[in-house]
Amino acid sequence: METKWNPAEGRLETRARGRAVLADPLLNRGTAFTQEERRALGLTGLVPPQVLTQDQQAARAYQQYRAQPTDLAKNVYLTALHDRNRVLFYRLLGEHLAEMLPIVYTPTVGTAIERYSYEYRRPAGVYLSVDAPEDIERSLLATGLGPDDVDLVVVTDGEALLGIGDWGVGGIDIAVGKLAVYTAAAGIDPSRTLAVMLDVGTNRKELLDDPLYLGNHHERVDQVTYDSFIESYIGITSRLFPKALLHWEDLGPANARRILDAYRDKVFTWNDDIQGTGAVNLAAVLGGVRATGVPLTDHRIVIFGAGTAGIGVADQLRDALVIEGLSPEEATARVWAVDRHGLLTQGQQGMRDFQIRYARPAAEVADWRHDDEVGGIPLAEVVKQARPTILIGTSGQGGSFTEEIVRTMAADTERPIIMAMSNPTRLAEAVPADLLAWTDGRALIATGSPFEPVEHEGTTYTIAQANNALVFPGLGLGAIVAGADRITDGMLSAVAHAVARHTDASVPGAPILPPIARLRETTVDVAVAVARAAVQDGVAREQPDGTDATVEERVRAAMWHPVYPPIEAV
Ligand SMILES: NC(=O)c1ccc[n+]([C@@H]2O[C@H](COP(=O)([O-])OP(=O)(O)OC[C@H]3O[C@@H](n4cnc5c(N)ncnc54)[C@H](O)[C@@H]3O)[C@@H](O)[C@H]2O)c1
Ligand SMILES: O=C(O)C[C@H](O)C(=O)O
Ligand SMILES: [Mg+2]
């Protein structure tokens with residue numbers, strides 16, 4: 001590679017000169033290059049004479065950012081900065097994390113995905129086409145990255161992006177957005193990460209009909225072709241980058257589950273929507289349950305939207321109930337899962353294999369009201385009959401927690417826990433102001449997208465954001481520091497408990513999860529818990545000596561910071 005980090009000397013060494021330096025976002029520092037660096041790197045005269053400090057650059061960039069008229073324009077501005085000067089991008093993002101996360105990530109990233117082929121400026125990451133599997137290796141090698149150079153790969157096929165569905169190649173933006181959160185929150189070194197788009201086609205007709213659409217102009221391929229492409233991708237990626245954690249994002253439900261089941265015991269991989277969402281949801285439930293004063297084992301849970309996220313959520317709740325002393329059957333019986341044709345019930349046609357374990361016995365629901373339009377027992381009836389104390393939305397159906405449903409739930413339970421996890425904002429199952437109004441301020445709330453605090457009868461309610469962003473950065477960092485080669489259930493459970501330790505929802509109006517503004521601190525504890533769990537589960541290759549301080553020191557030392565390192569022309 002032209003540019004290499006020399007850890008012994010603590011400096012970047014590069015053979016690049018002149019415009020090639022300015023064109024490389026990992027190398028470029030624009031007006032902050034010193035006169036000496038400019039001479040050594042052949043930049044004299046290629047940047048304006050004045051040398052700025054990073055503080056000055058950050059202040060200017062922040063002004064430019066604030067001057068953008070819309071959230072999408074802000075996203076495009078930050079993407080351009082990311083593609084021009086990566087260190088400055090992370091300096092700015094880190095300094096204004098709570099303000100900018102909704103721009104580079106949920107919810108604005110959803111708009112950026114939909115507009116991808118129109119707002120396109122520069123390529124990001126690696127695009128692999130199902131039509132040319134023979135190019136996978138060549139394309140990955142073209143990044144110049146070698147076997148020791150990659151810690152993390154985020155990959156999507158763009159089929160089930162957030163809750164907005166199939167946007168094909170535009171999905172690259174969620175991979176880039178997730179990586180930005182990994183670095184901003186956990187200090188994952190951005191030069192050691194890769195965003196990958198697996199272009200297997202799109203079923204969105206408006207994209208196929210659009211000459212400007214930048215992805216493959218054909219429908220999604222059949223399962224046999226898909227699976228063989230995935231197999232090649234995983235085989236080649238784990239051979240070329242043997243240390244890298246392979247993160248899956250926003251695949252269609254059947255593919256997400258099948259890939260996770262097939263590979264989680266064979267390679268270093270995990271699925272954010274299934275496992276990350278399960279972990280952040282469990283953390284919020286633990287925080288909320290503490291505030292209710294009722295033990296977890298006495299709660300009843302209804303999950304609306306039994307797809308990738310919903311069943312991931314159910315699985316981790318069930319595991320937590322088993323750890324608290326229930327049998328697996330008793331734990332499963334605490335969960336009612338509702339999908340597009342109503343409550344999952346035994347014998348129902350068309351259930352997906354991963355849903356079947358939550359299907360309720362037909363005898364239990366024989367008297368429950370059936371709705372012909374839904375084609376089964378609707379959510380309102382499930383809430384009435386099952387009397388949940390916890391209601392979770394992962395359906396991508398905005399507004400589906402209606403006033404009637406919420407009031408029915410709240411009539412029976414002192415502190416209902418209600419989580420509208422669907423993204424982006426307009427797809428939230430309910431908005432916090434309504435939930436508080438309908439429950440007289442008694443609801444313990446979390447949402448997947450960020451919401452402003454709500455005033456209700458003299459109390460200010462801070463709304464917890466139950467987004468997997470609270471967990472995946474720490475999970476990745478902890479796993480990398482431990483030199484893990486698998487992601488285990490023990491590591492995921494450790495994540496949820498570490499996050500939950502950061503909340504105290506006993507104060508009126510306090511959120512049931514730690515705030516995004518404190519993401520970096522939460523992340524360190526998550527990473528420490530994950531690294532320890534990896535050792536306990538026997539999947540860590542780097543054995544720490546066991547004391548807390550040491551693990552934490554190792555975690556902190558592994559974190560990358562957005563400062564310009566010394567640079568040497570070689
Ligand atoms: N907060 C978070 O961290 C987080 C994480 C992952 C996903 N999500 C959100 O959850 C939502 C679902 O994501 P996913 O990846 O699980 O998608 P998915 O497509 O796998 O699952 C959605 C499920 O909802 C069901 N559904 C659709 N219409 C329905 C209806 N009218 N009634 C009941 N169920 C219905 C579908 O059949 C499917 O099973 C998205 O909005 C996504 O943004 C949030
Ligand atoms: O991307 C997010 O904001 C969370 C989650 O992964 C989702 O798909 O919605
Ligand atoms: Mg996702």
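Start at 1 and go down the list; that is how both ligands and their atoms are numbered.
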At a 4.0 Å threshold, what atoms of ligand 2 neighbour a non-hydrogen atom of [X]?
X: Asp250; value: 8 (O)
X: Tyr105; value: 1 (O), 2 (C), 3 (O), 4 (C)
X: Asp273; value: 5 (C), 6 (O), 7 (C), 8 (O)

Which protein non-hydrogen atom lies closest to [atom], naming both residue and atom, and how far is it?
atom: atom 9 (O) of ligand 2; answer: Asn423 ND2, 2.8 Å
atom: atom 5 (C) of ligand 2; answer: Asn468 ND2, 3.5 Å
atom: atom 1 (N) of ligand 1; answer: Ala466 O, 2.8 Å
atom: atom 3 (O) of ligand 1; answer: Asn468 N, 2.8 Å
atom: atom 3 (O) of ligand 2; answer: Thr106 OG1, 2.2 Å
atom: atom 32 (N) of ligand 1; answer: Phe304 CZ, 3.2 Å
atom: atom 6 (C) of ligand 1; answer: Thr277 OG1, 3.1 Å
atom: atom 10 (O) of ligand 1; answer: Ser422 OG, 3.8 Å

Quick check: are there more than 12 heavy atoms from other residues, nucleotides or ligands sitting under 6.0 Å from CD of Glu404?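 Atom CD in Glu404 is not crowded, with 12 or fewer foreign heavy atoms closer than 6.0 Å.
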Flag yes if more than 12 heavy atoms outside His502 fall under 6.0 Å of its NE2 atom; otherwise flag no.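 Count over threshold, so yes.
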I want to confirm something. Looking only at heavy atoms, which of Met421, Arg257, Glu429 is nearest to atom 44 (C) of ligand 1?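 Considering heavy atoms of Met421, Arg257, Glu429, the nearest to atom 44 (C) of ligand 1 sits in Met421.
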Option with minimal heavy-atom separation from atom 13 (O) of ligand 1, where the choices are Ile392, Leu162, Val471, Thr308: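 Nearest heavy atom to atom 13 (O) of ligand 1 lies in Leu162.
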[atom1]/[X] to [atom2]/[Y] distance, rounded to the nearest 0.5 angstrom?
X: Leu152; Y: Leu246; atom1: CG; atom2: CG; result: 8.5 Å
X: Met197; Y: Leu128; atom1: CE; atom2: CG; result: 9.5 Å
X: Asp166; Y: Glu219; atom1: CG; atom2: CD; result: 10.0 Å
X: Lys384; Y: Ile377; atom1: NZ; atom2: CD1; result: 12.0 Å

Is the closest heavy atom of Lys178 to ligand 2 under 4.0 Å?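 The answer is yes: ligand 2 sits under 4.0 Å from a heavy atom of Lys178.
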Flag for [Y]-[X]: side-chain donor and acceptor within less than 3.5 Å:
X: Glu429; Y: Ser395; answer: yes
X: Ser129; Y: Asp199; answer: no
X: Asn423; Y: Thr106; answer: no

Where ligand 1 meets [X] - atom numbers and elements under 4.0 angstrom, heavy-atom basis:
X: Gly163; value: 40 (C), 41 (O), 42 (C), 43 (O)
X: Gly396; value: 11 (C), 41 (O)
X: Gly448; value: 1 (N)
X: Ala306; value: 39 (O)
X: Gly305; value: 24 (O), 34 (N)

Is it the case that Arg360 places NZ or CZ above or below the six-membered ring of Trp336, under 6.0 angstrom from the centre and within 45 degrees of the axis?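 Judged by the rule (NZ or CZ under 6.0 Å from the ring centre, within 45° of its axis), Arg360 counts as positioned above Trp336.
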Below 3.5 Å, N or O to N or O, backbone or side chain included: is there any such pair between Asn423 and ligand 1?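 Yes, Asn423 has an N/O under 3.5 Å of an N/O on ligand 1.
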Quick one: does Gln355 get an N or O within less than 3.5 Å of an N or O on ligand 1?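 There is no such contact.
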Output yes when [X] and [Y] qualify as a salt bridge under the 4.0 Å nitrogen-oxygen rule, no when they do not.
X: Asp412; Y: Arg300; result: no
X: Arg290; Y: Asp504; result: no
X: Arg258; Y: Asp353; result: no

Please name the atom of [X], limited to N, O or S, that comes nearest to the Mg ion (ligand 3).
X: Asp250; result: OD1
X: Asp273; result: OD1
X: Glu249; result: OE2

What's the verdict on ring-ring contact (aromatic ring centres under 6.0 Å, His included) for Phe472 and Trp270, showing C-alpha distance, side-chain angles and the deciding distance? CA-CA 10 Å; Phe472 68 75; Trp270 82 298; 7.1 Å; no
Answer with yes or no whether Ser395 contacts ligand 1, where contact means a heavy atom under 4.0 Å from a ligand atom.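 Contact present.
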What do you reckon, does Arg352 put a non-hydrogen atom under 4.0 Å from ligand 1?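 Yes; Arg352 lies near enough to ligand 1 that a heavy-atom distance drops under 4.0 Å.
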Heavy-atom pair of closest approach, residues Trp438 and Thr402: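 Taking Trp438 first and Thr402 second, the nearest heavy atoms are CZ3-C, 3.7 Å.
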Evaluate the criterion ring-ring contact (aromatic ring centres under 6.0 Å, His included) for residue pair Tyr182 and His247; output intermediate values, then yes/no. CA-CA 11 Å; Tyr182 268 113; His247 165 144; 5.6 Å; yes
With heavy atoms only and a cut-off of under 4.0 Å, state how [X] meets ligand 1: side chain, backbone, both or neither.
X: Ser400; answer: neither
X: Ala309; answer: both
X: Gln397; answer: side chain
X: Leu427; answer: neither
X: Ala469; answer: neither

Proximity of Asp272 to ligand 2 by residue part, where a heavy atom lies under 4.0 Å: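 Answer for Asp272: side chain.
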Measuring only between side-chain heavy atoms, which start at C-beta, is Tyr263 closer than 4.5 Å to Ile234?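 SC-SC contact between Tyr263 and Ile234 confirmed.
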Could you check Asp173, Asn468, Thr156 and say which one makes a side-chain hydrogen bond (donor to acceptor under 3.5 Å, both in side chains) with Lys178?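 That would be Asn468; it is the only one of Asp173, Asn468, Thr156 passing the side-chain hydrogen bond (donor to acceptor under 3.5 Å, both in side chains) with Lys178.
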